[in-house]
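Quick notes on the structure that follows.
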Amino acid sequence: VDGRTWKGSATISAKGDVSLVREDEVAAPWVKEQLESMVLHRLARPQGKAPVVRFADEERDHPLGRLLAFEGGTFASSYRVKDRQLVVVNRSLGKLNMTITVLDNDMNADKKYLPRSYTVQYWDALKGNLQRSETIQNRWTRLGSWDLPTQLTLTTASVLGQGVKTMTFSEHRLLK
C-alpha cells in the first residue's frame, strides 16, 4: 500500500464475511474494504420486486451504449449497456457523484463478464468538480467453478498526488 508491503491471509465465508490474519493497521482496512466490495458485487441477492428500468434518452448509438435509468433506489443509478455488458455506472452518493467506466472485461468459463480494468471518477455533487480519479485493474484465476482474484491494482489521482495500492493473491483454497 503506497510502498508499504504487507502479507497475511484472508478468509471469505459462504455468507460473504471477510476476515484477515496478520492485520496491519495501515494496510488492513484497505485490504478488507476491497475484498468486501468484491464479495458484495458477486454474492447472490435475494429475489424480490423487480426494479423499474427505463431508457433515459433516445440516443441508441452512443459509443458507450444505451443509457438506462433505475426508478427509485438508494443511489439514483443510471447505466450504459453495450453488447450485453455494463459499460458505465453512475451513482449519487450524497455530496459526491460517482461514475464507473469499464475499459476491459474478461469472459469466464460460464460466459459471464469479469471486470479487468475500469476507471472511477468522483465528482462534487453541487459544483461538479472532479475530486479524484481511480483506475482499477483486476486479474482472475479459476478454481473449480469459482473465479477468484489473483491481483488488484488501484491507482488514485487527486489534488494530493498519485497513489498506488496492489494486492496479489496466491495459494487459493476453497473451504469445505
Do you know the tightest heavy-atom contact between [X] and [Y]?
X	Y	answer
Pro149	His172	O-NE2, 2.6 Å
Lys32	Val18	CE-O, 3.3 Å
Thr153	Gln151	OG1-NE2, 3.3 Å
Leu20	Ala10	CD2-CB, 3.7 Å
Glu134	Ile136	CB-CD1, 3.9 Å
Leu174	Trp146	CD1-CD1, 3.8 Å

So, taking the atom named [atom1] in [X] and the one named [atom2] in [Y], what distance separates them when rounded to the nearest 0.5 Å?
X	Y	atom1	atom2	answer
Leu86	Thr101	CG	OG1	11.5 Å
Thr141	Asp147	OG1	CG	8.5 Å
Arg66	Asp57	CZ	CG	6.5 Å
Asn108	Leu114	CG	CG	5.0 Å
Arg91	Ile100	CZ	CD1	6.0 Å
Tyr122	Arg132	OH	CZ	4.5 Å

Hey, does the side chain of [X] reach the backbone of [Y] with a donor-acceptor pair shorter than 3.5 angstrom?
X	Y	result
Lys82	Pro63	yes
Thr135	Thr155	no
Asp83	Gln85	no
Arg80	His62	no

Are Arg60 and Glu58 close enough for a salt bridge, meaning some N to O gap below 4.0 Å?
no
Any salt bridge between Asp110 and Arg142, counting N to O under 4.0 Å?
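Judged by the 4.0 Å cut-off on N to carboxylate O distance, Asp110 and Arg142 do form a salt bridge.
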Identify whether [X] and [Y] are in the same connected component of the hydrophobic contact network (ILVMFWY, side-chain heavy atoms under 4.5 Å).
X	Y	value
Leu40	Leu35	no
Val89	Val120	yes
Phe169	Ile12	yes
Val53	Leu67	no

Show, in sequence, the C-alpha distance, side-chain angles and deciding distance for Arg139 and Thr150, and conclude whether the side-chain hydrogen bond (donor to acceptor under 3.5 Å, both in side chains) test is met.
CA-CA 5 Å; Arg139 300 300 179 263; Thr150 58; over 6 Å; no
Does any non-hydrogen side-chain atom of [Y] lie less than 4.5 Å from one of [X]?
X	Y	answer
Asn138	Tyr118	yes
Leu64	Val102	no
Trp6	Val31	yes
Leu130	Gln121	yes
Thr166	Leu152	no
Leu154	Trp30	yes
Trp123	Met98	no
Arg116	Trp140	no

Check whether more than 12 heavy atoms from other residues, nucleotides or ligands sit under 6.0 Å from atom CZ of Arg54, and answer yes or no.
yes
Residue pairs passing the ring pair (Phe, Tyr, Trp, His ring centres under 6.0 Å) test with at least one member in residues 86-116, sequence neighbours excluded, are none
Take Ser78 and Asn90 through the test side-chain hydrogen bond (donor to acceptor under 3.5 Å, both in side chains) and record every step on the way to the result.
CA-CA 5 Å; Ser78 67; Asn90 296 299; 3.1 Å; yes
